[in-house]
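Report on the structure given below.
Lettering follows sequence order; numbering is per chain, from 1. The model shown is predicted, which means the values in this text are computed figures rather than measured ones.
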There are 2 protein chains.
Amino acid sequence: MATAVQPAPLSLLDCSEAYQDPGPVPDRTPRHTISEVSAASGLSVHTLRWYERIGLLDPVDRSHSGQRRYNDGDLARLAFLGRLRLTGMPVADMLRYVELARAGEHTVQGRRELLVAHREEVRQRIADLHATLAVLDYKIDLYSGKKQTS
Amino acid sequence: MATAVQPAPLSLLDCSEAYQDPGPVPDRTPRHTISEVSAASGLSVHTLRWYERIGLLDPVDRSHSGQRRYNDGDLARLAFLGRLRLTGMPVADMLRYVELARAGEHTVQGRRELLVAHREEVRQRIADLHATLAVLDYKIDLYSGKKQTS
DNA sequence: TACTGAGTTGGAGTGCACTCCAAGCAAGCC
DNA sequence: GGCTTGCTTGGAGTGCACTCCAACTCAGTA
C-alpha cells in the first residue's frame, strides 16, 4: 500500500507545532499511514499500536479497510509524547498526563505540575551529563598518549 | 557492625579522583563496608554485589569474617562506572570497557574509542534534553494562564 | 488469479538492570 | 544467652518498555 492521501512533509521531531506558530489550523484529515508516522516519529509501528492500546493516543481513525490513518493532531501529540519519553518520563506518567488532558480544562494545574516536575528532572539530567562530559574529556585526554588510572 | 576501620569521607559522586589531583597515592587499604559504599555511590548493595558477580569489579577484599571491604581503588572505579551508567551506557559496554582495562596497556586505543563513542552519545542526549526543555517551558507558560493545544 | 507487501489483532515473549528471597553466619550490646 | 544488625550466597522474581508471533485481511500489480 502506497502513501495514503497526501504525504505532506512530516517533521515531528522538531516538535515545532508545540512551541511555534501552529499555522492556520491543524489539519484533522486522517491521512498518514502507520509506517509513515513511524518513520517520522522514530517510534516503531509496534510502539505506535501499543501507545494506542494503553490509551496514550485516542483511538486513531481508520481507512475503509480498517487501517490506521493518523491526522496532524495525532502527530502533534505523538511528537510531544515522544519528547517526554525520549527525556526519560515513564510511560505511566505520560499516561497520567494524557488522562488529565482528556479530563478537561480543570486539570490544567495538575498537568502543569507534572510538566514542571519533569522539567526539573530534565535539568538534573543535563547537569549529570555535563559533569560526565568533563570526566570523559579528561579520560580521553589521558588515553590520547599517556597511562591510565582506573 | 559499625564502620570498618577508618570512615574517611566518601565523596564518590563528584568523581574527583578521575579528573583532579589524585592525591599522594590511592589508599589501597580495604576498609569500606558495602553499605558505606552503597550510601556514597548511590548504587544499592544489591547492585554492588551484582556488579562484582558479573565482573565489573574485581573480587573485593574480605574481612576475616568474609564481609566485603572496599578500598579506594574500588571506589574510584565505582565512581567512574556509576557515571557511565548514570549517563546511559549499557552494562554490557561497561563490561567491555573493564575487560579491556584488565587486558593491559595495549587496549588503550580500544578503551579510548569506547569512551569517545559514549561522549558522542552524551552530547546528543544533552541536545535532546535542551530541545525538550524549550518545549516544556513553552507548555508550562501556556498552562500558567491560558488554554492548551494538545 | 496469484503474488506481494503493508496492514490488522490479542497475547506471548524478550532484554535489561536490577531487586528480592530464604537461610544462614558473625559481631556487638543488654 | 538472646536479640539485633549487618552481612553472606545462589537463584528466583520483578518492572519496564517494548517486540514479536501467528493468523489473518486488503489493495495493488503482473
A:Gln67 side chain: which of D:dT19, C:dG7, C:dT19 is closest?
C:dG7

How long is the line joining CD1 of B:Ile54 and P of D:dG11, in whole Å?
16 Å

Just checking B:Tyr138 against B:Tyr143, ring centres under 6.0 Å apart?
no

Taking only the side-chain nitrogens and oxygens of A:His46, find out if one of them lies under 4.0 Å from OP1 or OP2 of D:dC18.
no

Please indicate whether A:Arg119 has more than 12 foreign heavy atoms, meaning atoms of other residues, nucleotides or ligands, lying under 6.0 Å from its CZ.
yes

The answer to which of B:Trp50 and A:Arg49 contacts DNA chain C further toward the 5' end, by nearest nucleotide, is A:Arg49

Whole angstrom is fine here: how far is it from CG in A:Leu86 over to P in D:dA17?
14 Å

Please evaluate the base of D:dG11 for a donor-acceptor partner in the side chain of B:Arg53 within a cut-off of under 3.5 Å?
yes

Tell me: CG of B:Leu95 to P of C:dA17, nearest whole Å?
11 Å

Output yes when at least one side-chain N/O atom of A:Thr47 is less than 4.0 Å from OP1 or OP2 of D:dA17, else no.
no

Just by distance, no angles: are the side chains of B:Ser38 and B:Ser35 close enough, under 3.5 Å, to form a donor-acceptor pair?
no

Identify whether any heavy atom of A:Arg85 sits under 4.0 Å from a base atom; if not, whether one sits that close to sugar-phosphate; answer base, sugar-phosphate or nothing.
sugar-phosphate

Atom-to-atom span, CE of A:Met89 to P of D:dC16 - whole angstrom:
15 Å

Using a heavy-atom cut-off of 4.0 Å across all strands, would you classify B:Ser35 as base, sugar-phosphate, or nothing?
sugar-phosphate

With a cut-off of less than 4.0 Å, is there a side-chain N or O of B:Arg62 near OP1 or OP2 of C:dA26?
no

Please determine whether a side-chain nitrogen of the Lys or Arg among B:Asp61 and B:Arg68 lies less than 4.0 Å from a carboxylate oxygen of the Asp or Glu.
no

Please figure out whether A:His64 or A:Tyr51 has its closest DNA chain D nucleotide nearer the 5' end.
A:Tyr51

Is any side-chain nitrogen or oxygen of B:Ser65 closer than 4.0 Å to OP1 or OP2 of C:dC25?
no

Calculate the interatomic distance between A:Leu48 atom CG and D:dT19 atom P; express it in whole Å.
12 Å

Is there a side-chain contact between B:Ile126 and A:Leu133, using heavy atoms and a 4.5 Å cut-off?
yes

When all nucleic acid strands are considered with a 4.0 Å heavy-atom cut-off, which category describes B:Arg68: base, sugar-phosphate, or nothing?
sugar-phosphate

Taking only the side-chain heavy atoms of B:Ile34 (C-beta and beyond), determine which of C:dG7, D:dT8, C:dT8 contains the nearest atom.
D:dT8

Rounding to an integer number of Å, can you tell me how far A:Glu52 CD sits from C:dG10 C1'?
14 Å

